[in-house]
Amino acid sequence: MIDILTSIKSLNESQRRAVTAPLGHTRILAGAGSGKTCVLVHRIAWLIESQGYSPSNILAVTFTNKSAMEMRKKIENILGYHIDDMWVGTFHGLTHRVLRAYWKNSNLQQNFQILDGDDQQRILKRIVRNMEIDVTRWPAKQAQSYINAKKNEGLRVHNIYVDNDLYSQKMLLIYKIYEKECQRAGVIDFGEILLRCHEMWSRYPDILAVYQRRFQQILVDEFQDTNTVQYSWLQLLAGDRGHLFIVGDNDQSIYGWRGARIKNIQDFNQKYKDTTSIKLEQNYRSTGNILAAANAVISNNSKRPSKKLWTTDKDGDLIQLYQAHNERDEAAYIVEKINLWLDEGGKRADNAILYRLNAQARMIEEALLQANIPYYVYGGLCFFERAEIKDVLSYLRLISNRNDDAAFERIVNKPTRGIGASALSQLRQYAHEQKLTLWQSAVKIINSNSISTKNKNAISSFLILIDSLEPKNDKTPLNELTDLVIDKSNLRVYFSKDKTERGQGRTKNINQLIESTSRFNRQKGNEHMSLLNDFLSYASLETGEKLTDRSKDCVQLMTLHSAKGLEFPEVFMIGMEEGILPRNKFKNDTTSLSEERRLCYVGITRAKKILHLIYTETRYLYKKKITPVLSRFIKEIPTERLRKVCARKNIADNGNTPIVKSFTTLNETNLKSGQQVHHPKFGSGIIVDTEDSKKSFRVKVNFKNAGNKWLVLDYAKLKII
DNA sequence: GTGGAAGTCGTTTTT
DNA sequence: CGACTTCCAC
């Protein structure tokens, strides 16, 4: 018998109140490092052990597969036994499972497959081309984010009203066509999974009731990241009787750009009047100085439930602020500090380097490589996202469902088999006119006289190839099928011809894919579908392990976004500059600026012991040289918590690095109207107007002695006074 | 129709 | 800088 109550006694008072909150709706506002996961896990254990709930009556929802797995492990750890019949998963994983069980009611075909962002874009590109509108003016990418945004808000084409706005008219039309084609092809995109499930439940209350009866306790992690559909889905599931236990931190909401609504967590207790709301403010992660900095920064955001982290820990080291000469120096400084850390016996994995933009990582990587310090970059391509893997998967998808246009398009001429651009565009044209899928069109077109014999033969042999690959029964092992596909499609020969390192890596990867198919175990709830289909949906939802070995002791490189939920003894936040954090275009928009500030807050609170903030005097960003100024967020940190690190000497620079700061040069990131500036020839003046054309950025300056002048910013060398 | 070479373009964050 | 397109010679 596990004594869960003893375990609960070791928690602090707020945590204990949270874990044992009365059965009903509960909102936990959990600050960074306040033991949020611990509370969630204990609550579940408490429900089972102390309140008599069966694990099967509990649903735990997360955002990533990784955190779902970790949570399950922790719960099992505490309980001391396996909880196979408890659903722990991501929104996407869970709703997908529902759709598989009720595919018919969801208006899907049984072998439906999931479209990733890449496939989605491919389809949209084709649609835009078919519409015969200017592709450069209506890029597929834009349509993609439009459609995804609408789906995240739960909006279908018929829910959107447009007036005379050309842009939304076009977007809506694309949305409409896209939906039709997906339906025809039997594929659904990420956003669609949730939306479909939501709609199906709304349409069939009896099916919804099945789930409502089962899931009496619904626990949601990172609730601040939920979007409209997700929240609405939870509400539907909870109904009148289910209990929502939501955990999150409004100050760590950094995914507004992909539909997350911070209001969901902030207004939760207004939506559910009987909510028990508890704040977790004691921090177990960081030193006093780090917390003070974090609190100072975040307190500048308005409209947030007040929350202040505190610790019984000492103040610790001061936060170190370093102004590097340039990004090279920035990297060199980090290497120096990490070496120091290692010399004192620390681990490489204790160090994390956090940045706003992926592009910033390059220089750091170079420096670490040179210094022979192993590192790991988060957010690279996952295994199943690799081009060569997706090629093989596309064959498998086409075998499973001939109408999968995205798959068809990807591999119809890969490796090249004489079905070139012209044949393809004929095929697309035909499909478009006849409202058929590409495969259906191909079948029809080879029996007609509308194309050349050469094309006819090429297409025909492709169709025969795919047909011949389809296993006679479900008994064929997946790895044999995959091997056969790679062989017969000629992909193996095609990749092996490439003698470069990249090509060899590809061969290695496709072999690894065969390997992973042989190890594949059926997913729960998918028993009724073919093994192949089961594997394919696994591949698209479960991104799989990153290829680089993370188990080694490596310095950790990642964006601020992907750092959420992690912690490190020593943290370097680089590029603490206006224009980077906050990002340039967010400067004048309060909502986005708040999100940028939260991003900064997330970064600071990752640090346990030592925090370095670094900005540069000059830097190249997108091949443009800029002279940034310190981020406003860093200026918000009380100076007594900071120590300015002096510029180091002997830096491999051109030797002309001024230690004494001169006037900052005016650039796009630091200019504002009314700014006093100085020009070498015209003397001093005031900016009265600006103009941003594609080619150059111009400012109009009213000079005391020379009158009004329009100047190109890049050449004028204006200094801020 | 194919493959290489040259040229253009656009750069946030991702389940 | 790299991914993507376009152009050109086979």
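First the proteins, then the strands, lettered A, B, ... as listed; each starts at 1. For the numbers below, each heavy atom of this structure counts, side chains included, while hydrogens, waters and symmetry mates do not.
- Counting to the nearest Å, the C1' atom of B:dT14 and the CD atom of A:Gln121 are 14 Å from each other.
- In this structure, the CD atom of A:Gln360 is 15 Å from the C1' atom of C:dC1, given to the nearest Å.
- The phosphate of B:dT14 (OP1 or OP2) has a side-chain N or O of A:Thr559 nearer than 4.0 angstrom.
- Put simply, A:Asn413 has a side-chain N or O that comes within less than 4.0 Å of OP1 or OP2 on B:dT2.
- Residues A:Arg583 and A:Leu357 meet the side-chain proximity criterion, which asks for heavy atoms closer than 4.5 Å.
- For A:Lys263, the NZ atom counts as loosely surrounded, since its 6.0 Å shell holds 12 or fewer non-hydrogen atoms of other residues, nucleotides or ligands.
- Note that A:Arg100 lies in the cation-pi zone of A:Phe112, set by a 6.0 Å cut-off to the ring centre and a 45° limit from the axis.
- Projected onto DNA chain B by closest heavy-atom contact, A:Arg417 and A:Ser562 fall at different nucleotides, the more 5' of which corresponds to A:Arg417.
- Checking B:dT2, C:dT5, B:dT11 against the side-chain heavy atoms of A:Lys125 singles out C:dT5 as nearest.
- Side-chain N/O atoms of A:Asn152 include none lying less than 4.0 angstrom from OP1 or OP2 on B:dT15.
- Distance, A:Glu365 CD to C:dC1 C1': 13 Å, rounded to whole Å.
- Minimum atom distance to the side chain of A:Lys454 is reached by B:dG1, of the listed B:dT2, B:dG1, B:dT15.
- Contact annotation: A:Thr416 reaches the phosphate of B:dG3 (side-chain N/O to OP1 or OP2, under 4.0 Å).
- Atom CD of A:Glu366 is separated from atom C1' of C:dC1 by 11 Å (rounded to the nearest Å).
- Listed for the A:Asp404 side chain is a donor-acceptor partner under 3.5 Å among the backbone atoms of A:Ala407.
- Counting non-hydrogen atoms under 4.0 angstrom, A:Asn65 reaches nothing in the nucleic acid.
- Between the CG atom of A:Leu115 and the C1' atom of B:dT15 there is a distance of 14 Å, given to the nearest Å.
- Ring-plane geometry between A:Phe535 and A:Phe384 is classed as perpendicular, the angle between the planes exceeding 60 degrees on a 0 to 90 degree scale with a lower cut at 30.
- For the pair A:Lys141 NZ and B:dC9 P, the interatomic distance rounds to 15 Å; values are reported in whole Å.
- Using a 4.0 Å heavy-atom distance criterion, A:Asn227 is classed as making no nucleic acid contact.
- Residue A:Asn455 is the one, among A:Asn455 and A:His92, whose nearest nucleotide of DNA chain B lies closer to the 5' end (criterion: closest heavy atom).
- Within the structure, every side-chain polar atom (N or O) of A:Lys66 is placed at least 4.0 Å from both OP1 and OP2 of B:dT14.
- In this structure, CD1 of A:Ile114 is placed 16 Å from C1' of B:dT14, rounded to the nearest angstrom.
- For the pair A:Leu194 CG and B:dT14 C1', the interatomic distance rounds to 15 Å; values are reported in whole Å.
- In the set C:dC1, B:dG1, B:dT15, the nucleotide with an atom closest to the side chain of A:Phe190 is B:dT15.
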